[in-house]
2 protein chains.
Amino acid sequence: MSDSTAVVRDLAQRARTASRHLALLTRADKDAALLALADAVDAATDRVVAANAEDLQRGREGGMAAGLLDRLALDADRVAAVAQALRDVAGLPDPVGEVVRGSTLANGLQIRQVRVPMGVIGMIYEARPNVTVDAAGLGLKSGNAMILRGGSAAASTNRTLVDTLRSALAAQGLPQDAVQLLEGGHDAVTALMTARGLVDLLIPRGGAGLIRAVVLESTVPVIETGVGNCHVYVDAAADLGKALAITVNSKTHRPSVCNSAESLLVHREVAEQFLPKALAELAGAGVVLHGDPATAQLATEGIEVLPATDEDFDAEYLDLQMSVAVVDDIDAAMEHVRRHGSGHTEAIVTEDRGAARRWTAEVDAAAVMVNASTRFTDGGEFGFGAEIGISTQKLHARGPMALPELTTTKWVVEGDGQIRG
Amino acid sequence: MSDSTAVVRDLAQRARTASRHLALLTRADKDAALLALADAVDAATDRVVAANAEDLQRGREGGMAAGLLDRLALDADRVAAVAQALRDVAGLPDPVGEVVRGSTLANGLQIRQVRVPMGVIGMIYEARPNVTVDAAGLGLKSGNAMILRGGSAAASTNRTLVDTLRSALAAQGLPQDAVQLLEGGHDAVTALMTARGLVDLLIPRGGAGLIRAVVLESTVPVIETGVGNCHVYVDAAADLGKALAITVNSKTHRPSVCNSAESLLVHREVAEQFLPKALAELAGAGVVLHGDPATAQLATEGIEVLPATDEDFDAEYLDLQMSVAVVDDIDAAMEHVRRHGSGHTEAIVTEDRGAARRWTAEVDAAAVMVNASTRFTDGGEFGFGAEIGISTQKLHARGPMALPELTTTKWVVEGDGQIRG
């Protein structure tokens with residue numbers, strides 16, 4: 001057993017012990033603790049901002065891109081927002097103890113399926129310190145001990161935040177090991193990914209490369225989140241006004257997130273009418289366009305359309321770029337989505353009931369939409385009140401994941417001496 | 001790409017294509033096909049029994065144990081039962097299309113979470129030909145294409161059964177590749193376990209070694225099934241008559257299956273009163289006893305209790321053997337279960353409400369029972385009408401798995417032009 005393995009196993013064992021305590025807390029206990037955690041984060045604002053300044057300086061010296069620096073940065077307002085998110089979680093219903101289904105069997109046995117915490121959940125994510133606090137809060141509310149592995153660029157911030165949370169837990173009489181930060185090199189992450197039996201679930205959150213690595217190396221069960229190569233398909237029967245608004249919103253409202261559209265497909269019959277205006281509006285919003293030849297032909301004077309390669313159609317740009325293709329019909333659109341999509345969110349714009357029914361039935365994705373922006377696939381928008389990620393896998397959770405997705409169930413069977421005959 | 005990899009990828013690709021067809025079938029289509037499959041199995045009885053005789057002869061020549069030969073054997077009655085199981089599945093509700101939850105958002109978007117098939121499911125199991133037909137039937141009903149890898153000892157039987165099913169599917173105008181048999185050596189299984197993106201779910205069903213190997217080697221999501229080191233804990237406040245009946249039933253009703261009890265824990269206060277009679281009754285039923293020293297002391301004249309090792313307490317005997325220990329209190333019992341249990345089924349016998357509440361809240365297992373035989377953890381007993389296995393993991397499904405557990409969900413979002421502001 002390597003040093004890292006021993007360290008991680010010890011940490012996971014302590015998380016396990018803490019999780020047994022957490023599983024038995026009432027909602028009142030957990031909500032009180034969440035409010036205390038929020039106050040502690042507020043009280044630690046200066047220390048958190050100072051630690052964050054160290055991370056930002058290291059980032060700048062290391063040539064970190066502006067977008068990443070922005071995701072890393074915490075000023076006093078952002079710290080207040082992070083603390084408020086903990087209070088919001090306190091206001092959400094407790095998933096633990098919910099009876100999912102149940103019945104009384106013919107022999108008098110009473111059976112019920114009850115939500116219970118997973119136990120120990122590991123999260124591996126990038127240098128976004130707000131995720132550290134969000135994950136700790138959602139973990140506590142769902143009765144799970146959390147092992148957090150944030151991007152090393154946020155090391156000082158995460159250390160300060162986790163120290164703050166742990167002290168506040170202890171002050172509430174709760175086990176500090178409900179929240180732990182995993183430090184160390186790649187060895188430590190490997191040890192976490194293979195701590196089967198000690199860690200119940202691993203949630204990687206970040207780019208495609210991170211997620212693929214976790215999926216391939218883990219022996220702990222994993223939920224994949226967040227790779228979104230989302231399409232907007234403008235059907236022959238689309239209302240082109242809606243199509244334009246939905247396309248532009250899906251692409252430009254917040255291009256760095258997974259539910260943004262990366263690709264636009266347009267039915268041949270409406271391409272001539274729709275694309276010149278759509279391309280101009282996208283370009284006007286600063287979007288770099290990658291189109292197939294039919295698309296390029298329809299661009300008006302002065303609108304640049306770069307030639308789209310297969311890599312473009314596969315790309316999750318997370319940026320103001322979009323691939324565009326003209327398709328012969330809905331079948332060709334669905335075939336394109338099948339080949340290039342990532343199973344996140346796929347939208348059709350159409351007034352044709354038949355086309356809408358086919359799209360929602362046949363497209364295989366976490367969310368299939370009719371006449372709506374892809375940006376709506378989101379735990380907050382769906383009314384869940386919180387989100388720990390968006391699952392693009394089929395097992396356990398698909399789409400936005402909130403508190404219930406952080407639980408499992410157990411069957412409680414009560415009898416008075418029944419045996420099988 | 002090795003030869004096996006190419007073969008398996010081609011097979012999985014054909015399964016994927018078939019799965020798209022299956023996903024759109026109505027319940028009426030699927031039920032009609034299931035009845036036709038049942039008739040085809042009935043009509044093939046002679047061929048199936050003849051193929052099975054070849055497998056049995058090879059088994060006998062290879063020195064296969066009697067229990068395994070029994071699980072492998074199919075006579076005309078068993079073939080009829082296998083066909084009947086398909087008709088029973090036709091009678092079950094269709095999980096596909098069920099709306100799990102939904103709402104209308106403030107902006108008018110209508111969202112609903114709908115059950116849909118997984119897509120392609122691989123099953124790896126031992127030489128039990130009834131599983132071949134059961135899995136094909138449950139797969140068809142839930143709209144999934146199945147890739148079946150049965151134990152090689154059943155090769156001739158499985159080939160005949162799968163040929164029969166595929167011909168019957170074709171006669172119904174359904175894709176034959178909805179059911180495929182994976183042959184070839186370990187290479188082929190490895191290729192199946194790593195066909196990520198083509199296979200949506202892998203269900204290993206069999207002994208602990210098989211399941212561990214699949215979990216460790218797979219990159220395809222896995223549901224672990226069926227390892228059961230189940231305990232009966234006789235509390236200080238137990239009704240000892242119920243305790244005796246539950247212990248004997250849990251151990252001896254069908255010792256070869258995963259929901260049989262393997263271990264008996266007895267509270268010190270009632271050990272002297274309970275154990276002499278319990279040990280005698282178990283021994284009388286042919287159970288080989290492995291006890292701790294306190295247990296051995298309480299055995300009456302002529303009842304042999306072998307010394308129990310840690311391996312005994314870890315063992316899933318699947319046989320007429322049982323480990324027995326005397327514990328100081330319910331905490332010691334729960335600690336024992338935590339150390340040795342497999343998270344399948346854990347029963348307490350008690351009339352004390354407080355002890356029952358602690359057991360059901362604190363013991364971490366797929367099923368926690370009060371005053372009932374562990375043998376009740378079963379899809380049929382729970383009223384599911386069918387069972388593809390019993391999950392002992394926490395992700396996606398826990399406990400008996402039936403048709404809904406073979407599905408995932410998608411979010412269908414319908415609007416009239418909504419964009420995010």
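Just the heavy atoms: all of them, side chains too, but no hydrogens, waters or symmetry mates, feed the values below.
- B:T408 contributes atom OG1, which lies 5.0 Å from atom CZ of A:R398 (distance to the nearest 0.5 angstrom).
- Contact of B:I419 with chain A is made through backbone and side chain together, with heavy-atom distances under 4.5 Å.
- Within a 6.0 Å radius of CZ in B:R254, no more than 12 heavy atoms belonging to other residues, nucleotides or ligands are found.
- With a threshold of 4.5 angstrom between heavy atoms, B:R16 approaches chain A through side-chain atoms but not through N, CA, C or O.
- Across every non-hydrogen atom of B:G415 and A:N371, the tightest pair is O-CB, 3.3 Å.
- With A:K410 contributing its side chain and B:V363 its backbone, the two residues share a donor-acceptor pair below 3.5 Å.
- At a 4.5 Å heavy-atom cutoff, the contact between B:N107 and chain A is made by side-chain atoms alone.
- Judged as a salt bridge (charged side-chain N to carboxylate O under 4.0 Å, His left out), and not counting sequence neighbours, B:R357 has no contacts.
- Heavy atoms closer than 4.5 Å to chain A are found in the backbone of B:A365, but not in its side chain.
- Of the listed residues B:E362, B:R338, B:E224, the one with more heavy-atom pairs under 4.5 angstrom with chain A than any other is B:R338.
- Between the CG atom in B:L216 and the OG atom in A:S218 there is a gap of 11.5 Å [rounded to 0.5 Å].
- The contact between B:A366 and chain A is made entirely by backbone atoms, counting heavy-atom distances below 4.5 Å.
- Contacts between B:I111 and chain A at a heavy-atom distance below 4.5 Å involve the side chain alone, from C-beta outward.
- Contact of B:V222 with chain A is made through the backbone alone, with heavy-atom distances under 4.5 Å.
- Put simply, CZ on A:R212 and OG1 on B:T219 are 12.0 Å apart, with the number rounded to the nearest 0.5 Å.
- The nearest pair of heavy atoms linking A:L395 to B:L201 is CD1-CD1, 3.6 Å.
- The salt bridge (charged side-chain N to carboxylate O under 4.0 Å, His left out) contacts involving residues 344-354 of chain A comprise A:K242-A:E351, where partners must be two or more places apart or lie in separate chains.
- A donor-acceptor distance shorter than 3.5 angstrom exists from the side chain of A:K394 to the backbone of B:M118, with no hydrogens or angles considered.
- Counting heavy atoms from C-beta outward, B:H396 and A:I223 have side chains that stay 4.5 Å or more apart.
- Looking at B:D416, the atoms closer than 4.5 Å to chain A (heavy atoms on both sides) sit in the backbone and in the side chain alike.
- Closest approach of B:F384 to A:R101, counting heavy atoms only: CE2-NH1, 3.7 Å.
- For B:E381 and A:R420, the salt-bridge test passes: some basic side-chain N is under 4.0 Å from an acidic carboxylate O.
- Taken from CE in B:M369 to CH2 in A:W411, the straight-line distance is 10.5 Å, to the nearest 0.5 Å.
- Ranked by non-hydrogen atom pairs under 4.5 Å with chain A, the options B:P221, B:A361, B:G97 are led by B:A361.
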